[in-house]
Structure formats: structure tokens, C-alpha cells
Amino acid sequence: QVQLVESGGGLVQAGDSLRLSCAASGRTFINYAMGWFRQAPGKEREFVAVISWSDGNTYHADSVKGRFTISRDNAKNTVYLQMNSLKPEDTAVYYCAVSRLLGTAARAYDYWGQGTQVTVSS
């Protein structure tokens, strides 16, 4: 049974930083990709970033490029999302998810965490 547990969310001010973590368990993930998505109230779930477990290739959405960085620690089966220069529009529930593809579409992801709230005040 695959389990994804996010942590690290919270309430911060604009310009602050946060690091989200996603601890994965239940299988070997070397042939998978781990993505971060976010969903703000009244909006659709939005792709943020993705990383390949095997070679570390990454892709970030244009809206976060240069501010957010996805990384992984294979030994800990954990993926991180370092978020710098946070803006109020980054406020959302952030989810990690697992896919066989290095993709940006939510439908390509098979397993999801429960989400962690990030709130950025102006």
C-alpha cells in the first residue's frame, strides 16, 4: 500500500520561505516520478513541479520557476519542495503524488497524499 505523507505547511508572510516534505512508503519508487500540485479554494488542481526518482530530472511550472525547487533524498524516500519568495497567490493546499510518467497532468498520477495547507499573508 503506497502512502504519501506531506508536512511543512503553515502560515507565513509574503517574501518568506517554506520547505514542504513528502515521505513515501509502500513500494520501490526508482522507476517513478514524484510531483507537487496545489489547489486554491474555488480553483482546479494546478501542477507545481515534478522530479524523476531515478535520474533527478526536474520540471517546474512557469508560475514558480526561479522561486520553488523540487528535490529528493532517495535514501529517505522523501521529496522536498523548497519555496522561496512566497506570494499571497501561492496560498493553497499542496499535494504530493506519484506517477510512472514525468508529467504535468494530474490524471497521470496514481497515488496522492492528504495535502498540507500553505497560507501566505500580504
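- Note: Phe37 and Trp112 meet the aromatic proximity criterion, with ring centroids under 6.0 Å apart.
- Note on Val50 and Val93: same hydrophobic cluster, where clusters join Ile, Leu, Val, Met, Phe, Trp and Tyr whose side-chain heavy atoms are under 4.5 Å apart, directly or indirectly.
- No donor-acceptor contact under 3.5 angstrom links the side chains of Arg19 and Tyr80, judged on distance only.
- With sequence neighbours excluded, no residue forms a ring-ring contact (aromatic ring centres under 6.0 Å, His included) with Tyr95.
- None of Leu4, Ile51, Asn74, Leu20 except one satisfies the side chain to side chain contact (heavy atoms under 4.5 Å, CB included) rule with Val79; the exception is Ile51.
- Of the possible donor and acceptor atoms, none in the side chain of Glu46 sits under 3.5 Å from a partner among the backbone N and O of Gln39.
- Looking at Arg100, its side chain never comes within 3.5 Å of a backbone N or O of Tyr32 through a donor-acceptor pair.
- Of the possible donor and acceptor atoms, one in the side chain of Thr116 sits under 3.5 Å from a partner among the backbone N and O of Gly9.
- Side chain of Ser99 to backbone of Leu101: a donor-acceptor contact under 3.5 angstrom is found.
- At distances below 3.5 Å, at least one donor-acceptor pair connects side-chain atoms of Glu6 with backbone N or O atoms of Gln114.
- Closest heavy-atom contact between Leu18 and Gly8: CD2-O, 3.6 Å.
- In terms of heavy-atom proximity, Phe68 sits nearest to Val48 at CD2-CG1, 3.8 Å.
- At distances below 3.5 Å, not a single donor-acceptor pair connects side-chain atoms of His60 with backbone N or O atoms of Gly66.
- Residue Gln117 qualifies as enclosed at atom CD: its count of foreign heavy atoms under 6.0 Å is above 12.
- The two residues Ser122 and Ala14 come nearest to each other via the heavy atoms CA-CB, 4.4 Å.
- Classification of Lys65 and Asp62 as a salt-bridged pair holds, one side-chain N sitting under 4.0 Å from a carboxylate O.
- A donor atom on one side chain and an acceptor atom on the other are not found under 3.5 Å apart for Asp73 and Thr78.
- A donor-acceptor contact shorter than 3.5 Å links the side chain of Tyr109 to the backbone of Gly103.
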Before giving the answer on side chain to side chain contact (heavy atoms under 4.5 Å, CB included), spell out for Ser71 and Gln82 the whole-Å C-alpha distance, their side-chain angles and the decisive distance to 0.1 Å.
CA-CA 8 Å; Ser71 63; Gln82 178 66 43; over 6 Å; no
